[in-house]
Amino acid sequence: MVDDRGALLISDRTVERIATQAVTEIDGVGGSAARMLGVAVGGEDLDQPAKVTAQVRDGTVTLDVRLSISYPLSVAKTTEAAREHLRRRTTELTGLAVSHVDITVTALHTSAAEPRRVL
């Protein structure tokens, strides 16, 4: 009788999608523009999803996240909350431990566009 059930492998891309969805659950955090040769292509937008890159190695995950934040939220507090949320949600949904989360803030957004002064 064979008692080998096999193994469950979760791909990097699957973890990236789960983490991208988890970022949308955080208030005041939005997406990042695509980059080409380090230059933003298109606009940074709070309504766009964040850019997440994940690597799964030996049952642990490392995440690299590019996102934007609403101004005047604290960048330090918001990124720390995002880091904790990503660790918790990714672990809950995949069963994999998150060892490291790098966050790059690419833009700060104001809540409303300021009207132009007419002189």
Side-chain angles (χ1 to χ4, degrees):
M1 179 171 152
V2 178
D3 194 26
D4 186 15
R5 293 183 166 199
L8 174 63
L9 300 175
I10 300 175
S11 70
D12 295 352
R13 183 68 184 136
T14 302
V15 175
E16 286 174 3
R17 289 181 181 200
I18 289 170
T20 299
Q21 182 61 35
V23 171
T24 65
E25 299 168 355
I26 305 165
D27 290 334
V29 174
S32 173
R35 304 253 175 215
M36 181 173 285
L37 301 174
V39 178
V41 178
E44 314 281 349
D45 191 355
L46 283 174
D47 296 331
Q48 296 292 321
K51 306 291 183 211
V52 178
T53 305
Q55 288 187 339
V56 180
R57 302 289 180 266
D58 300 326
T60 61
V61 176
T62 57
L63 297 172
D64 184 33
V65 182
R66 300 179 67 82
L67 51 78
S68 58
I69 295 176
S70 282
Y71 182 82
L73 291 175
S74 165
V75 172
K77 289 180 182 176
T78 303
T79 54
E80 191 54 39
R83 186 171 287 114
E84 274 307 307
H85 186 77
L86 282 167
R87 282 187 175 159
R88 184 174 51 79
R89 291 294 286 162
T90 303
T91 300
E92 282 175 358
L93 296 172
T94 65
L96 300 170
V98 178
S99 63
H100 196 81
V101 180
D102 286 329
I103 297 177
T104 303
V105 178
T106 58
L108 297 175
H109 294 279
T110 57
S111 59
E114 292 186 24
R116 300 181 87 182
R117 281 182 65 184
V118 178
L119 300 176

Subject >> Value rounded to 0.5 Å, distance of NZ in K51 from CG in D64 >> reply: 13.0 Å

Original post:
In Å, rounded to the nearest 0.5 Å, how long is the span from OG1 of T78 to CG of L73?
Top reply: 4.5 Å

On a heavy-atom basis, which atom in [X] and which in [Y] lie closest, and how many Å separate them?
| X | Y | value |
| --- | --- | --- |
| A50 | V65 | CB-CG1, 4.3 Å |
| I103 | A82 | CD1-CB, 4.0 Å |
| S68 | G31 | OG-O, 2.7 Å |

Subject >> Cluster link I18 to V23, ILVMFWY, side chain under 4.5 Å >> reply: no

**OP:** Not counting sequence neighbours, which residues clear salt bridge (charged side-chain N to carboxylate O under 4.0 Å, His left out) with R13? List them please.
**Re:** E16

Original post:
Is it true that a side-chain atom of T106 and a backbone atom of L67 form a donor plus acceptor pair closer than 3.5 Å?
Top reply: yes

How about [X] and [Y]: do any of their side-chain heavy atoms sit closer than 4.5 Å?
| X | Y | value |
| --- | --- | --- |
| V75 | T79 | yes |
| L86 | L63 | yes |
| I10 | V61 | no |

Original post:
Can you pull the salt bridge (charged side-chain N to carboxylate O under 4.0 Å, His left out) pairs that have at least one residue in residues 53-63, sequence neighbours excluded?
Top reply: D12-R57

**OP:** Sort out for me which residue in L96, L93, T20, T62 forms a side chain to side chain contact (heavy atoms under 4.5 Å, CB included) with V15.
**Re:** L96

Pairing residues for [X] by the side chain to side chain donor-acceptor pair (under 3.5 Å) criterion, not counting sequence neighbours:
| X | result |
| --- | --- |
| E80 | R83 |
| T104 | none |
| S74 | none |

**OP:** Using the side-chain hydrogen bond (donor to acceptor under 3.5 Å, both in side chains) rule, collect all pairs that involve residues 89-103, keeping only residues at least two apart or in two chains.
**Re:** E25-R89, R88-E92, R89-E92, H100-D102

